[in-house]
Amino acid sequence: MIRFPKLTLAALFLFPFAAVAAPAAKVTNGNDAGPGSLRQALIDKETKIMIVGSVGTITLNSTLVYEGTEPLKIIGSGQTIDGTATGQDPVLEITMGADLTVSNLTFDGGDSLTQWDMPAGGKGVFVNVPTTRTGTVKVDLSNVAIMNTGNHGLHVSDCTDGDDCGEGEGSGGDGSTASVYVKLNSVLVDSAGIGIADRDGVRVDERNEGDITLVVTNSTFVNAGADGLELDEGNNGDVFVDVRNSTFDNNGDFCNLGPVPGEDDPCFDEFDDEGVVVVDVDDGFDVDEAGAGTFYGVIRNTNVTNNKDEGLDFDEQGSGGISIDLIGVYAEANVDQGIKLSEEDDGDVIATLRGVVSQNNDDLTIEEENAGDLEATVTGSTINETLEVEQEQEPGDTGTLKVRGSSISAIAPVNVIEI
């Protein structure tokens with residue numbers, strides 16, 4: 001007979017039993033509701049849900065809602081969730097700011113811009129962050145597509161004003177003290193925000209305390225009505241961005257497609273010098289950081305093309321600066337600047353451009369206003385347009401452009417140093 005040694009209580013603490021992960025709840029059919037459906041798993045507040053490979057398209061009659069606070073993980077097998085019947089509501093809504101992880105799924109809102117004044121469609125995935133949320137709200141999408149939504153494709157909202165949150169300095173709304181972390185890997189966002197002005201492919205709104213961190217790899221943002229991707233940090237907090245091997249193409253055209261707007265229309269921007277209406281079009285990738293905080297970014301091996309306003313539009317307002325590396329960025333045929341870095345209040349701008357190609361845009365702009373220094377370094381780059389480096393001088397401020405091994409059509413610099 002085999003005898004096992006007796007374990008003392010102390011030994012149990014030294015050699016604890018391994019925790020056994022709870023099995024995933026399985027979705028076994030594509031029904032809108034009922035046993036085995038995705039909706040039932042969410043109603044039951046299951047936190048790990050697997051859609052088995054035999055399930056085809058999941059066709060909804062109304063929004064899928066998760067009201068739990070524990071992190072939610074949905075693992076698909078390549079299915080499409082058809083949200084055509086959800087109307088102006090989201091396809092998937094997380095109501096209490098729970099962390100969300102989704103893989104191998106497509107969210108299709110079923111919307112198309114066939115009539116300008118038709119009711120707008122809903123969002124693809126909506127994560128609502130209540131004001132009581134603390135810590136960090138995490139959204140992690142991998143091998144996910146979001147398409148054909150009248151409203152935002154993916155919207156993470158830590159803002160009490162909802163879709164009217166606004167952007168930049170003086171923007172309204174309150175929020176929680178939580179930070180927001182969004183990770184997108186092999187994500188496609190196509191034809192989102194096509195039903196109403198200022199609705200983006202991906203939108204993150206953050207108010208009160210807290211940072212925004214964005215990590216994007218191998219992802220594509222195309223044909224959004226407004227910005228392909230927008231981060232809006234409106235109060236105290238920093239913005240951290242790491243985008244690699246991604247594409248932002250043909251975003252921002254919604255307001256060009258309808259009638260000429262009046263002054264009260266959300267598509268109205270301004271009158272030009274001749275009194276002609278300027279329409280409010282949008283960007284490939286837009287960051288607005290306002291309040292106390294700095295924008296830190298790395299954009300690597302990324303294409304920004306054919307966007308109807310700027311390609312990359314990075315703005316910082318309030319105390320704080322911009323520190324950014326652009327490496328292997330290709331910007332072409334954007335209607336306004338291909339790349340614009342703008343620091344509008346007190347703060348420094350440190351920008352490094354390596355292997356950047358920018359052509360057939362309006363220009364490439366790096367600017368700093370009020371107190372602060374500007375230092376831009378351009379290495380091994382081709383800029384077939386005007387590179388404007390602008391600084392509003394304050395006593396003691398410095399502005400320098402360093403150029404090495406680059407071809408630049410024209411320069412409007414503060415101070416150029418060949419290195």
Side-chain angles (χ1 to χ4, degrees), residues 167-169 212 231 233 236-243 283-300 302 304 309-329 331 334 336-359 361-419:
E167 62 186 35
E169 186 175 21
I212 297 176
L231 307 180
E233 200 288 315
N236 297 340
D238 298 320
V239 174
F240 303 89
V241 166
D242 187 344
V243 175
D283 313 313
F285 181 14
D286 182 15
V287 176
D288 294 296
E289 197 290 318
T294 294
F295 171 48
Y296 302 92
V298 176
I299 314 294
R300 184 188 296 267
T302 289
V304 285
D309 201 358
E310 283 88 17
L312 301 179
D313 183 8
F314 299 153
D315 296 300
E316 198 285 324
Q317 299 172 320
S319 60
I322 295 176
S323 177
I324 190 163
D325 290 341
L326 303 177
I327 304 165
V329 171
N334 300 284
D336 206 340
Q337 290 102 331
I339 299 169
K340 187 188 80 169
L341 312 176
S342 180
E343 205 293 314
E344 300 183 23
D345 291 295
D346 295 350
D348 299 332
V349 177
I350 301 174
T352 300
L353 284 66
R354 287 186 283 163
V356 169
V357 175
S358 187
Q359 58 191 13
N361 309 289
D362 185 45
D363 58 45
L364 193 161
T365 298
I366 305 171
E367 59 188 2
E368 193 279 330
E369 300 179 16
N370 297 321
D373 297 334
L374 185 154
E375 181 176 315
T377 303
V378 180
T379 304
S381 297
T382 300
I383 301 174
N384 291 327
E385 56 206 16
T386 300
L387 170 59
E388 295 195 6
V389 180
E390 304 173 357
Q391 183 183 43
E392 182 177 311
Q393 292 284 347
E394 295 284 340
D397 290 348
T398 61
T400 301
L401 170 64
K402 299 179 181 179
V403 178
R404 174 193 293 145
S406 298
S407 173
I408 302 175
S409 294
I411 300 176
V414 174
N415 182 30
V416 178
I417 300 174
E418 293 286 349
I419 58 175

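Residues: numbered from 1 along the sequence shown. None of the values given here were measured: they were computed from a predicted structure.
A donor-acceptor pair under 3.5 Å is formed between the side chain of Gln391 and the backbone N or O of Gly372. Side-chain N or O atoms of Asp346 include one that pairs as donor or acceptor with a backbone N or O of Ala371 at under 3.5 Å. When atom types are taken as modelled, the side chain of Ser406 and the backbone of Gly380 share a donor-acceptor pair closer than 3.5 angstrom. Between the side chain of Asp325 and the main chain of Val298, no donor-acceptor pair closer than 3.5 Å is present.
Contact record, Gly293 with Asp238: CA-OD1, 3.2 Å, taken as the closest heavy-atom pair. Across all their heavy atoms, Leu312 and Val304 have their closest contact at CD2-CG1, 3.5 Å. Of all non-hydrogen atoms in Asn370 and Glu344, the two that sit nearest each other are ND2-O, 3.2 Å. Considering all non-hydrogen atoms of both residues, Val356 and Ser381 come closest at N-OG, 3.0 Å. Taking all atoms of both residues into account, the shortest heavy-atom contact from Asp362 to Gln337 is CB-N, 4.0 Å. Pairing each heavy atom of Val287 with each of Val239, the nearest pair is CG1-CG1, 4.1 Å.
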Report task. Determine, step by step, whether Ser342 and Glu367 satisfy the side-chain hydrogen bond (donor to acceptor under 3.5 Å, both in side chains) criterion, reporting the C-alpha distance in whole Å, the side-chain angles of both residues, the deciding distance to 0.1 Å, and the verdict. Result -> CA-CA 5 Å; Ser342 180; Glu367 59 188 2; 2.8 Å; yes

Query - Full working for side chain to side chain contact (heavy atoms under 4.5 Å, CB included) between Val378 and Leu401 - result: CA-CA 8 Å; Val378 180; Leu401 170 64; 3.9 Å; yes

Requested in this report: Dump the intermediate steps for side chain to side chain contact (heavy atoms under 4.5 Å, CB included) on Phe285 and Val241, then the final yes or no.
Outcome: CA-CA 11 Å; Phe285 181 14; Val241 166; 3.9 Å; yes

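Neither side chain, Ser409 nor Glu385, offers a donor N or O lying under 3.5 Å from an acceptor on the other. Looking only at atom types and distance, the side chain of Asn361 has a donor-acceptor partner in the side chain of Asn334 under 3.5 Å away. Side-chain N/O atoms of Glu390 and Thr365 include no donor and acceptor closer than 3.5 Å.
Distance check: Asp345 CG to Glu316 CD gives 7.0 Å after rounding to the nearest 0.5 Å. The distance from atom NZ of Lys402 to atom CZ of Arg404, rounded to the nearest 0.5 Å, is 9.0 Å. Taken from CG in Asp315 to CD1 in Ile322, the straight-line distance is 7.0 Å, to the nearest 0.5 Å. Note that the CZ atom of Arg300 and the CG atom of Leu326 stand 11.0 Å from one another [nearest 0.5 Å]. Here the straight-line distance linking atom CG of Asp288 with atom CD1 of Ile212 works out to 9.5 Å at 0.5 Å rounding. To the nearest 0.5 Å, atom CD of residue Glu310 and atom CG of residue Leu364 are 11.0 Å apart.
Residues that satisfy the side-chain hydrogen bond (donor to acceptor under 3.5 Å, both in side chains) test with Asn236, not counting sequence neighbours, are Glu209.
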